[in-house]
Structure formats: C-alpha cells, structure tokens
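Note that ligands are numbered from 1 as they come in the structure, with each ligand's atoms numbered from 1 the same way.
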Amino acid sequence: MKVWHEVDSWQAARRSLPSGATIGFVPTMGALHEGHRALLERAREENAVVVLSLFVNPTQFDDPADLEKYPRTLEADLRLVRGVADHVLVPTAGQLYPDEYRYRVTETKDSRELEGAHRPGHFDGVLTVVLKLLNLVQPRRAYFGEKDWQQLQLVRGMVRAFFLPVEIVACRTVREADGLAMSSRNRRLSPAGRAQAAEFPRILRETPDAGDARRALEAAGFSVDYVVDSDGARLAAVRLEKVRLIDHVRR
Ligand code: PAF
C-alpha cells in the first residue's frame, strides 16, 4: 500500500499504472469505520486497483467549529485499510486548492434543499472536491454510501452533467448492532448520547409518516433539522449533544 501526500507524485504514479487496469475509488474524510471498509471491499471485488483518499475537506464545512472538531486519525485509518487499498491519497488543502477555491461546482436546485438548506455552501464544497479527486484518480468506478443520500444523488447529477467517465456505485448503509448508521461523528457522542442515538433510526423506521417521526424524535430529545419521505425512503437530520446525525431509511 502506497501513501501519497503530493498531488504531483500521485499523478506520476497514476500515469505509470497499466492502461487497462480498472480503478475503484473510495473518497473519504478519514476517521474510518467499518462502513468505509465495506466500500473498499466492494471496490476490491470489482476492480484491479483500489484507491482511497483521506482528506478533511474544509470547503464543505459551513461551521468552523465542526471542521475543527472533525476527528483526524491517520495512523488508525491506514491500519484499517492495509491489505484492501493499494494507494492512499492524503493531500493537504494547499495541494488540492491551488486556486484557493476561486473555481467551484455549484448545483442550483436540489443542493439548496434538506442538507443544503441547513448547511449553506456544503454541496458546493462536496461537488468541487469530488470533481478534483475524480480528475486526479480517473477511476472506472467510485463508491459512495447511501446514508449520505442527497450527496449521492448530487454526485450522480454532476457526473451526468459534465459527462464524467466514471460509474458511481451506491453502497448500502452499514449499521451498528443497535441500528445506528455508522458515522465518524458517532464517536463525538457521550456514552449516554450514544445509547440515545439508537432511537433515531428506530423512530424513522417505525413511525407512519414524516410528521409523526418529527414529533417522536423531538419527544425523544433530538433537535430535528428535517424529516422527509421521498421515493419509498425517509431522510432525516437531527442534532444530539451538538452532534449532527443524518440517516436514510428504506420504507
Ligand atoms: O462523504 C464524505 O466523506 C465526503 O463528503 C466526501 C465525499 C469524501 C467529500 O469530501
């Protein structure tokens, strides 16, 4: 497994990969868990070469405190992916944003709803960094989790809009034993908060409509950003102990 900190060195290595080798790419912000590992394992099964990126992307954080608190666990991340990733990109913000974010990708409709309504500019940052990474890696396939449903749809839309030669592969959400979707943010909850967080997916699954779900979540102590039913699924974002949790549950 090779770790690349410099974009130039990675680009030279990328050019020297056999031209027919299919590349599977998993973009992440690090603080990896079993959900990320499942994306990598799927990439491993379907491609000759697996590339992972670890980059806490500053442009997708609307709240500087949230960016500051985002867990950075490089050594543990590298241990978790040894044997499953071939190349790991760990660029700095200076390496990925030589333009200082003067150039960016903006989607003007769906990105303004749900997550976008609560986190202004979030999806501009996500789409911009994903485009940069796809251009650097040039994968045949890129893997995204369904938990971040809106992100997945917007990345797919960008790929169609700009004719990017990549297949976006959606992977089912991996959950803890009590049903909570795995997320790097879960580790910021206190033990009591973590126990309470298991109510989030349970209420989303068990309440008949979005209004009932909102009321039940509020009664259980969550502050609710949104709950919507869409295309046979329920999407929601809540805050608990100042930690933002999102989920996407099929119904
Ligand atoms: O889902 C994430 O971890 C991030 O939004 C992504 C896709 C790696 C872009 O920074």
Side-chain angles (χ1 to χ4, degrees), residues 4 7 10 24-40 42-43 50-64 66-74 76-77 80-81 85 87-97 101 103-107 110-111 114-116 118-137 139 141-159 162 164 166-174 181-188 235 237 243-248:
W4 305 95
V7 163
W10 158 252
F25 175 47
V26 179
T28 77
M29 297 207 296
L32 301 184
H33 48 68
E34 287 304 318
H36 295 113
R37 180 139 179 134
L39 301 181
L40 285 162
R42 173 100 183 256
V50 175
V51 180
L52 163 75
S53 65
L54 301 172
F55 176 64
V56 183
N57 175 34
T59 64
Q60 70 188 74
F61 286 82
D62 54 308
D63 173 2
D66 196 24
L67 172 60
E68 173 103 356
K69 277 188 244 148
Y70 200 87
R72 287 155 175 89
T73 56
L74 181 61
D77 291 348
L80 187 79
V81 303
H87 297 274
V88 185
L89 312 189
V90 193
T92 60
Q95 291 270 323
L96 272 195
Y97 289 98
Y101 199 38
Y103 293 85
R104 60 185 76 176
V105 181
T106 299
E107 193 279 346
D110 298 345
S111 69
L114 305 177
E115 283 300 288
H118 290 271
R119 305 181 67 190
H122 170 66
F123 286 120
D124 290 9
V126 170
L127 294 176
T128 302
V129 81
V130 170
L131 180 61
K132 285 171 185 271
L133 292 165
L134 290 175
N135 283 336
L136 286 170
V137 177
R141 302 183 185 88
Y143 295 79
F144 290 82
E146 288 187 343
K147 176 175 74 70
D148 297 296
W149 185 254
Q150 202 182 357
Q151 166 174 286
L152 170 66
Q153 304 313 319
L154 287 164
V155 168
R156 285 199 156 134
M158 176 177 74
V159 164
F162 293 110
L164 303 180
V166 60
E167 179 191 340
I168 301 300
V169 182
C171 299
R172 293 296 278 255
T173 304
V174 179
M182 288 198 181
S183 165
S184 313
R185 293 172 191 272
N186 296 351
R187 62 185 81 179
R188 283 168 43 195
L235 287 77
V243 179
R244 197 154 184 285
L245 303 172
I246 70 173
D247 208 343
H248 166 265

If the plane angle is over 60° it's perpendicular, under 30° parallel, otherwise tilted; pick one for H248 and W149.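 It falls in the parallel class, under 30°.
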
Sub-4.0 Å atoms of ligand 1 with respect to non-hydrogen atoms of Q60: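 Contacts of ligand 1 toward Q60, numbered from 1: 4 (C), 5 (O), 9 (C), 10 (O).
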
So if I count the atoms of ligand 1 from 1 in the order they appear, which ones are less than 4.0 Å from some heavy atom of V129?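 That gives atoms 9 (C), 10 (O) of ligand 1.
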
Has the side chain of N186 got a donor or acceptor atom that lies under 3.5 Å from a matching backbone atom of A181?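 Side chain of N186 to backbone of A181: a pair is present.
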
May I ask you to decide if E115's main-chain N or O and Q150's side chain share a donor-acceptor pair within less than 3.5 Å?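 Checked: pair present.
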
D66 and R185: CA distance, side-chain angles, deciding distance, salt bridge (Lys or Arg N to Asp or Glu O under 4.0 Å) verdict: CA-CA 10 Å; D66 196 24; R185 293 172 191 272; 3.0 Å; yes

Is there at least one pair of N or O atoms, one from Q151 and one from ligand 1, spaced under 3.5 Å apart?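 Yes, there is a polar N/O contact under 3.5 Å.
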
Structural part of V155 in contact with ligand 1, heavy atom criterion under 4.0 angstrom: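 Looking at V155 and ligand 1, no heavy atom falls under 4.0 Å.
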
